Each structure stands twice: as structure tokens, then as C-alpha cells.
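Notes follow once the structure below has been shown.
These figures come from a predicted structure and were not determined experimentally. All values below were derived from every heavy atom in this structure, side-chain atoms included, with hydrogens, water molecules and symmetry-related copies excluded. In what follows, chains carry the letters A, B, and so on, assigned in the order in which the sequence lines appear, proteins first and then strands, with residues in each chain numbered from 1.
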Protein chains: 2
Amino acid sequence: MKKKYLTIYDDLVKKIQSDVWPASTLLPSENELTTEYDTSRETIRKALNLLAQNGYIHKIRGKGSVVLDINKFSFPVSGIVSFKELAQQMNQTSETIVEEISVIEDKAVTDKLQPSEQSQIWKVVRIREISGEKIILDKDFFNADYVPILSKETCQNSIYEYIENDLGLTIAYAEKEIVVEEPTQEDRECLDLEGHSNVVVIKSHVYLEDTSLFQYSESRHRPDKFRFVDFARRVKN
Amino acid sequence: MKKKYLTIYDDLVKKIQSDVWPASTLLPSENELTTEYDTSRETIRKALNLLAQNGYIHKIRGKGSVVLDINKFSFPVSGIVSFKELAQQMNQTSETIVEEISVIEDKAVTDKLQPSEQSQIWKVVRIREISGEKIILDKDFFNADYVPILSKETCQNSIYEYIENDLGLTIAYAEKEIVVEEPTQEDRECLDLEGHSNVVVIKSHVYLEDTSLFQYSESRHRPDKFRFVDFARRVKN
DNA sequence: CAGTGGTCTAGACCACAAC
DNA sequence: TTGTGGTCTAGACCACTGC
């Protein structure tokens, strides 16, 4: 049995996207939705809070839930999403070139991932080509305690799919940092930089369900093709 | 009376930050917290979910809530935070130079903010100096329907403080977009770019409690001083 | 005033982890 | 089996909006 509040959420998203309730109009009240979906009010509220969190509605006390018209053109780089998922969302023609797969013992990286003493770290370097241009250089480091084998086919397709479906691991959360750096020699060699003198770097620490750090990665983007969209709410002090 | 779940949240944050429960240990269970704070379990869960959302803990079904050790050095650029609030959080010596305050009728901007027909738009340009260097160029546009007066002193101090405290408006949410651009002539003149050939631009649409768009702004950063930190959780499809 | 969303309660049943 | 967090319920009271 699927979770009730999620099926309600999905249903409401679908209806908002198909303009059942156009932007800046009100959703049915929580009480109405309660009878409509034959459930309790707290369950409805869970679904509505998800909608609000994701920028679909804004709730106003005493009035109701207003449908927002943002979020229509914004594809999320936020959250934890694999390149394959992203490319599918955007309907872009994209290509992945596996540049390097190796096992390393680099001190700087090893310290971050802290594998058990005798074990090692996978290094994967991939180039992402979008519409024929080499735009992104992905450098991934995996703790081999969790990912024992890595084939070229897996790296070509989707490492996340492999980790979640085949290895049965659950990716839980990540710390991300976005900074701008000067291109390294490697960046210049692998990417079509076209004279750009900066790259945007997304550095991620990715953790599993048991809070163990299993991946560190750097996603290095040509600056003119980088875009990050966020929906934020004001938090009072 | 303050909201119970928020006072519990604040208390738990304080205790986590003062190492009452060190990183990677477990918080007391929800049932224990229920008796400790003399409240219901759902209220405890609201507080814990807030902690999880903000990266303080990770909840594991069947085990408990693990304290994370991230979030200790990461100052949030995310969310809606004014420059004054940010500077205070970081204990940085900072200075604001008000470069321009004017009323404009630029078509491109007017279309975005869509003020009522006879009204106008405030344009404010400010330079942010951090440790003696001109690092950020803030260009703000306010719908004069909501902000009738803007003094130089207000712009020097904090426009948000003025809007929320003196005008009694409530800032609710914002759409943010981060892109990298080539510096404009204005960027070159106002900032200490030191040869950098890119600026990081945060473009924001800011909305009030009644969902009306009242501000558009561009915060233009020298790339080497820009940093964005995010905490994300994996969402299954 | 009636209707809205926001908070809080006390209890139930479930899925999962650890022993 | 026990204890954990995840979902769901039915009801209560409150603060706010709009008439």
C-alpha cells in the first residue's frame, strides 16, 4: 500500500500542472480535501506542506492555499539527482564519455572518505556532452567498502542506478558546496571551455542511510552553461 | 505563548551545538522526548523533522535520530537572508556603500514587477565591502506600491529590517537563480574585480505574504569570494 | 460571524532494527 | 520480542481573513 499523503500529493501536482486550479487561484480548503480524498485533515496537511515546500502553493492562514506559477520552467539541480535523471528531465541529447576508472590511494581523498584500513577508493572521471559540446567534467570517488565492483558499462549508464538497484544501498543525504574556480589543466583538456577562464564546481559529500560517507564528487561545469534554481522561504529569527 | 515545537527545536539545536549529544550518537527516542518535554509525540516529531531538514540529525527507522557533524562551519547563503544578517552571522567587518537611489520606469524591470499603472519602481544600487574589498554589487528593484519611501539611511542599514519592522510587511518566499555572467561595465567600475572575467549573479524574485511580487534583485559577486552551501536529501521517484 | 489554516493531543497500527 | 521511527486518525482549540 502506497503512502496516502504521497498519492494525494502526486494527484494534486498533476492537477496543478494541468491547470485544474490555475495560478493565483485557491485550492479547495483542507476540510473539503479531507472529504474529497476520504482521509484525515493531518494527512491532507502533509500533502499540502509538501506542495508548499516544492514551490507549488503558498498557504495563507485565514484564506487558503494559493497556486503559484513558478516552478514551471525551473529544472532542479538542487536535491540529489544523477546526471541521467537530469538529462531525462530536460529532454536534452546527452552523451557520457568515461575518461578514467581506477583504484587510487590518494591521501587527500582517502582522508575524506576514510575507508577501512585495507580497502581502497574508486576514482571515476566522466565527461558529459550536451548537444555535442563537452560541458561538464564529473570526478567521482567511491569508498570501495560499499561499491566493490565498477564496470565501464555501469559508469556509462548510471552509477546511482547500479548502487540503488543492484547493490541495494540507499542514498540518504548530501552536503553540497558551489564555488567558482580557475580551470585546471585537466579541465582545459577535457572540456570545450572556449576561452572561459572559470569553471563552476559543485562539491558533494554523499551519505548512505546509515550516515556513512560513501562518495565525494566534483562536478565541474563550463560557467555559461551552469544554472541553479532554488525556492526558498523566509525564516524569522 | 510561543509555539511549543519551535521552543523544543531551539532547545535541541542549542544542546547539539554544545555537544550534549556529540556527532554520530543517538538523540533520546521520540517517546523519551515526549515525557521529557511533557508533550505529544507529534509535536516532538515536528521539532525533529525541522532538525532533519536543517541538517542537524538524520532519522533512521528502527534505530533513532543520529546527530550529524555537518552544518558546523557552513553559513547559509541559502534561504532568504539579508546582507546585514549574513554579515552578523559571519562576524565579518563589512561596509555598505549606497551608490544610487532612484525612481525608474525601465520597461524591462517594470514588466517584471508589474506595479499598478500610475506607480513607480525604486532602484537601489549598493556596493558591499568585505575586509576592505569591494566584493558584491547589489542591485535591487522595489515595487513602490509597497515601499513608498526609501531613505539613504535605510539603504545603508537594512532595507529588510525597514520593510518588516517599520512597514509591517511580511516577506514570504523567493525564487532564486544562480548563474555566471561576464562582468558589465558597471561591475568593472564598482567592484575590485582584480582581473576576474566572470561574476556570479544571484537573481531573486521576492514575494510577500499575499503572494505579490514586490522585489527583484541581482546580487553580483566576485567569483573567488562566492560560496553556496546546501543540504539535500535524496528523493525517490 | 463563519471559514480558513496552524498547533496540539492521545491513541492506533505499521515497518524496521537489534537482540 | 522489544523498541524505534513512519503513517494515519478524530477531535480540540487557536489566530487570522472576509463579510
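For B:T39, the side-chain atoms get nearest to C:dC8 when compared with the rest of D:dC8, C:dC8, D:dT4. Listed nucleotides: D:dT4, C:dT4, D:dT7. Nearest to the side chain of B:E32: D:dT4. Checking C:dC8, C:dG5, D:dG5 against every side-chain atom of B:K59, the shortest atom distance belongs to D:dG5.
Counting to the nearest Å, the P atom of D:dA15 and the CD atom of B:E209 are 17 Å from each other. Atom CZ in A:R45 sits about 16 Å away from atom P in D:dT7, given to the nearest Å. If you take CG of A:L48 and C1' of C:dT4, they are 12 Å apart, rounded to a whole angstrom. At whole-Å resolution of the value, CG in B:L33 and P in D:dT4 are 10 Å apart. Here the P atom of nucleotide D:dC8 and the CD atom of A:E30 are 16 Å apart, to the nearest Å. B:N31 places its CG atom 13 Å from the C1' atom of D:dG6, with the value rounded to the nearest Å. One interatomic measurement links the two molecules: CG of A:L6 to P of D:dG6, which rounds to 13 Å at whole-angstrom precision. Rounded to whole Å, the distance from CD1 on A:I44 to P on D:dA10 is 12 Å.
Electrostatic pairing of B:R126 and B:D140 counts as a salt bridge here, judged by a charged N lying under 4.0 Å from a carboxylate O.
One side chain, A:Y216 or A:E218, offers a donor N or O that lies under 3.5 Å from an acceptor on the other.
Environment of CG in A:N165: crowded, with over 12 heavy atoms of neighbouring residues, nucleotides or ligands closer than 6.0 Å.
Residue A:R61 places none of its side-chain N or O atoms closer than 4.0 Å to OP1 or OP2 of D:dT17. Considering only side-chain N and O atoms, A:S29 lies nowhere under 4.0 angstrom from the phosphate OP1 or OP2 of C:dG3. For D:dT7, the OP1/OP2 oxygens have no side-chain nitrogen or oxygen of A:K4 closer than 4.0 Å. Neither OP1 nor OP2 of D:dC8 sits under 4.0 Å from any side-chain N or O of A:Y5. For A:K3, no side-chain nitrogen or oxygen approaches OP1 or OP2 of D:dC8 to under 4.0 Å. Taking 4.0 angstrom as the limit, B:K63 places a side-chain polar atom (N or O) nearer than this to OP1 or OP2 of C:dA18. Residue A:S40 has no polar side-chain atom (N or O) positioned under 4.0 Å from OP1 or OP2 of D:dG11. Using a 4.0 Å cut-off, some side-chain N or O of A:T43 falls inside it from OP1 or OP2 of D:dT9.
Residues that satisfy the side chain to side chain donor-acceptor pair (under 3.5 Å) test with B:E32, not counting sequence neighbours, are B:S29.
Side chain B:E42 to base D:dC8: a donor-acceptor pair is found below 3.5 Å. A donor and an acceptor atom sit less than 3.5 Å apart, one in the side chain of B:R41 and one in the base of D:dG6.
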Exercise for the section: Check the pair B:V206 / B:Y160 against side-chain contact (heavy atoms from CB on, under 4.5 Å), numbers first and verdict last. Expected result: CA-CA 11 Å; B:V206 186; B:Y160 269 32; 3.7 Å; yes

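The residue B:I60 sits close only to the backbone: its heavy atoms come under 4.0 Å of sugar-phosphate atoms, none of a base.
With rounding to the nearest 0.5 angstrom, the OH atom of A:Y162 is 5.0 Å from the CD1 atom of A:I149.
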